[in-house]
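Hydrogens, waters and symmetry mates play no part in the numbers below; they use all other heavy atoms, side chains included. Each residue takes its place number in the sequence, starting with 1. No experiment lies behind these values; they were computed from the predicted model shown.
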Amino acid sequence: MRAVVQNDKNRALRGVWVRGGLAALTAAALVSGCAQSDAPSAEARPAPGRQQPLQAPPARALDAYAAKLRASAAARAATAKRWKLARVPLVAPAPPAKKPRIATRKGFEVDDHTADKLPPVFTTIPTEEKIVFLTIDDGAEKDPAFLRMMSELRIPYTAFLSDYLVKEDYGYFARMQRAGVGLHNHTLHHPYLPGLSYARQKREICGMQDVIEKRYGKRPVLFRPPFGNYNRDTLRAAKSCGITHAPLWNEEVFVDRWEYREWDREIHAGDIVLSHFRGKQHWKGTMTDMIRRFLDRITAEGYAVARLEDYL
């Protein structure tokens, strides 16, 4: 059976997989509005033969709106400065009303992929907007400062969790979920799936579905195979467990560098970026250092961070 295997020199490592991450993100502006009835009441109608006086524009409302925008921009700038970002992160546009069609990337197919309606495997989202999607894997590092940073900056991201690491502190990821982060499937024990039978792969994937549903109240629909490696049995098992999409990545960000799938070593619109929950034990820095590298790079190039689930 053909296996799709990523070029990963660290695949043999057990336990915590030391591929790094950099995550980060962008703040949203306050929006308010004023509505005004077009139909005057009976008491407000002018007497016959008399001209209705002109209404002054809602100057106070406009002033209040402008003041809110200025205050929001100032708050975003202050937050970016507090987290030592080079620039204020850009705000992603609203997601499209009609979600894009997601297809498996060429060369990433398995036998009968389309015929069996297996979950698509992809590394980018079709879009013309200058946005990228941050995804963070496994759950080894549980840094409270990272949660504060992402919440204060209002940067969306998606987490792919493995139970053997998450179970050390389920509450940490509950706080993450309450902040709006989607929690998805990265197997129970992070094995090399193509080396397992169909039954064992299904236990790894469905077992993690059960854990996330029990602990966080929602059964995931996204699944990322460990190391990005899978075969037909992997996707068959994932589909049977309720998985609809299998996103991989186009770039990976670490605390001290970026790595790329494409030959041009550039960021592209719609790219999915990978990082990991890691700290000083495995990196030359912290989760917040990784996010700082991530945000400074994409912001300098005119990109904002969008929420992956909004496009699937």
Side-chain angles (χ1 to χ4, degrees), residues 1-8 11 95-129 131-135 137 158-162 182-188 190-210 212-213 218-252 260-264 267-274 306-312:
M1 181 180 295
R2 174 177 178 264
V4 181
V5 178
Q6 308 299 313
N7 183 19
D8 178 15
R11 178 169 64 81
K98 183 179 180 180
K99 295 185 179 184
R101 177 180 175 273
I102 306 297
T104 293
R105 177 172 171 151
K106 186 176 181 180
F108 287 54
E109 309 93 341
V110 298
D111 293 341
D112 299 320
H113 203 134
T114 301
D116 290 346
K117 297 181 180 179
L118 298 177
V121 181
F122 51 100
T123 63
T124 64
I125 298 293
T127 180
E128 295 182 359
E129 301 284 359
I131 55 174
V132 296
F133 303 91
L134 179 63
T135 61
D137 283 8
T158 300
F160 290 89
L161 305 179
S162 289
L183 306 181
H184 296 280
N185 193 324
H186 200 44
T187 72
L188 288 171
H190 204 276
Y192 174 64
L193 290 174
L196 303 181
S197 67
Y198 171 81
R200 290 182 64 190
Q201 292 196 54
K202 186 174 180 179
R203 283 198 296 272
E204 281 287 337
I205 299 169
C206 287
M208 193 61 200
Q209 293 285 89
D210 294 341
I212 294 177
E213 183 175 32
K218 188 174 183 180
R219 202 164 182 84
V221 295
L222 307 185
F223 164 69
R224 175 173 285 161
F227 315 108
N229 298 335
Y230 59 95
N231 59 15
R232 183 169 179 267
D233 279 349
T234 310
L235 299 181
R236 288 177 56 230
K239 180 182 177 181
S240 75
C241 300
I243 296 299
T244 62
H245 294 80
L248 297 185
W249 62 91
N250 232 23
E251 294 89 22
E252 182 171 1
Y260 307 86
R261 187 182 297 275
E262 308 297 346
W263 64 270
D264 61 2
I267 299 172
H268 311 88
D271 277 356
I272 298 172
V273 180
L274 164 69
R307 184 174 181 267
L308 180 61
E309 291 87 342
D310 290 340
Y311 288 76
L312 301 178

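Side-chain contact between R105 and V4 is absent, with no heavy-atom pair separated by less than 4.5 Å. Side-chain contact check for T127 versus P100: every heavy-atom pair is 4.5 Å or farther apart. The shortest distance between side-chain heavy atoms of N231 and Q201 falls below 4.5 Å. Considering only heavy atoms from C-beta on, C241 comes within 4.5 Å of K202 through its side chain. Considering only heavy atoms from C-beta on, E309 stays 4.5 Å or farther from V221 through its side chain. At a threshold of 4.5 Å between non-hydrogen side-chain atoms, the residues P226 and L193 count as touching. Under the 4.5 Å side-chain criterion, counting only non-hydrogen atoms from C-beta, T187 is in contact with F223. Between P220 and F160 the shortest side-chain heavy-atom distance does not fall below 4.5 Å.
Between the side chains of R224 and T135, at least one donor-acceptor pair of N or O atoms lies under 3.5 Å. Looking only at atom types and distance, the side chain of S162 has no donor-acceptor partner in the side chain of H190 under 3.5 Å away.
No donor-acceptor distance shorter than 3.5 angstrom exists from the side chain of E129 to the backbone of A269, with no hydrogens or angles considered. Checked by atom type and distance alone, the side chain of E109 pairs as donor or acceptor with a backbone atom of G107 at under 3.5 Å. Of the possible polar contacts, one joining the R232 side chain to the D111 backbone as a donor-acceptor pair under 3.5 Å is found.
Counting non-hydrogen atoms of other residues, nucleotides and ligands closer than 6.0 Å to NZ of K99 gives a total above 12.
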ask   = Would H268 and T124 count as a side chain to side chain contact (heavy atoms under 4.5 Å, CB included) if you check the C-alpha gap in whole Å, the side-chain angles of each, and the deciding distance to 0.1 Å?
value = CA-CA 9 Å; H268 311 88; T124 64; 5.9 Å; no
inquiry  = Go through it in stages, so that I can follow the logic: the residues are Y311 and I102, the test is side chain to side chain contact (heavy atoms under 4.5 Å, CB included), and I'd like the CA-CA distance, side-chain angles, deciding distance and then a yes or no.
reply    = CA-CA 9 Å; Y311 288 76; I102 306 297; 5.9 Å; no
key: Evaluation steps, side chain to side chain contact (heavy atoms under 4.5 Å, CB included), between V132 and E251   = CA-CA 10 Å; V132 296; E251 294 89 22; 5.7 Å; no
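I272 CD1 to I125 CD1: the interatomic distance, rounded to the nearest 0.5 Å, is 4.5 Å. Note: H184 NE2 to R219 CZ = 13.5 Å, rounded to the nearest 0.5 Å. Here the straight-line distance linking atom CG of L196 with atom OG1 of T234 works out to 8.0 Å at 0.5 Å rounding. Here the CZ atom belonging to F122 is positioned 5.5 Å from the NE2 atom belonging to H245, to the nearest 0.5 angstrom. In this structure, CG in D310 is found 9.0 Å from OG1 in T158, a value given to the nearest 0.5 Å. Taken to the nearest 0.5 Å, the CE atom of M208 stands 12.0 Å off from the CD atom of E213.
Taking both residues in full, the closest heavy atoms of A237 and I205 are given as CB-CD1, 4.1 Å, listed atom of the first, atom of the second, then distance. Here the closest heavy-atom approach between residue Y230 and residue P225 is recorded as CD2-CG, 4.1 Å.
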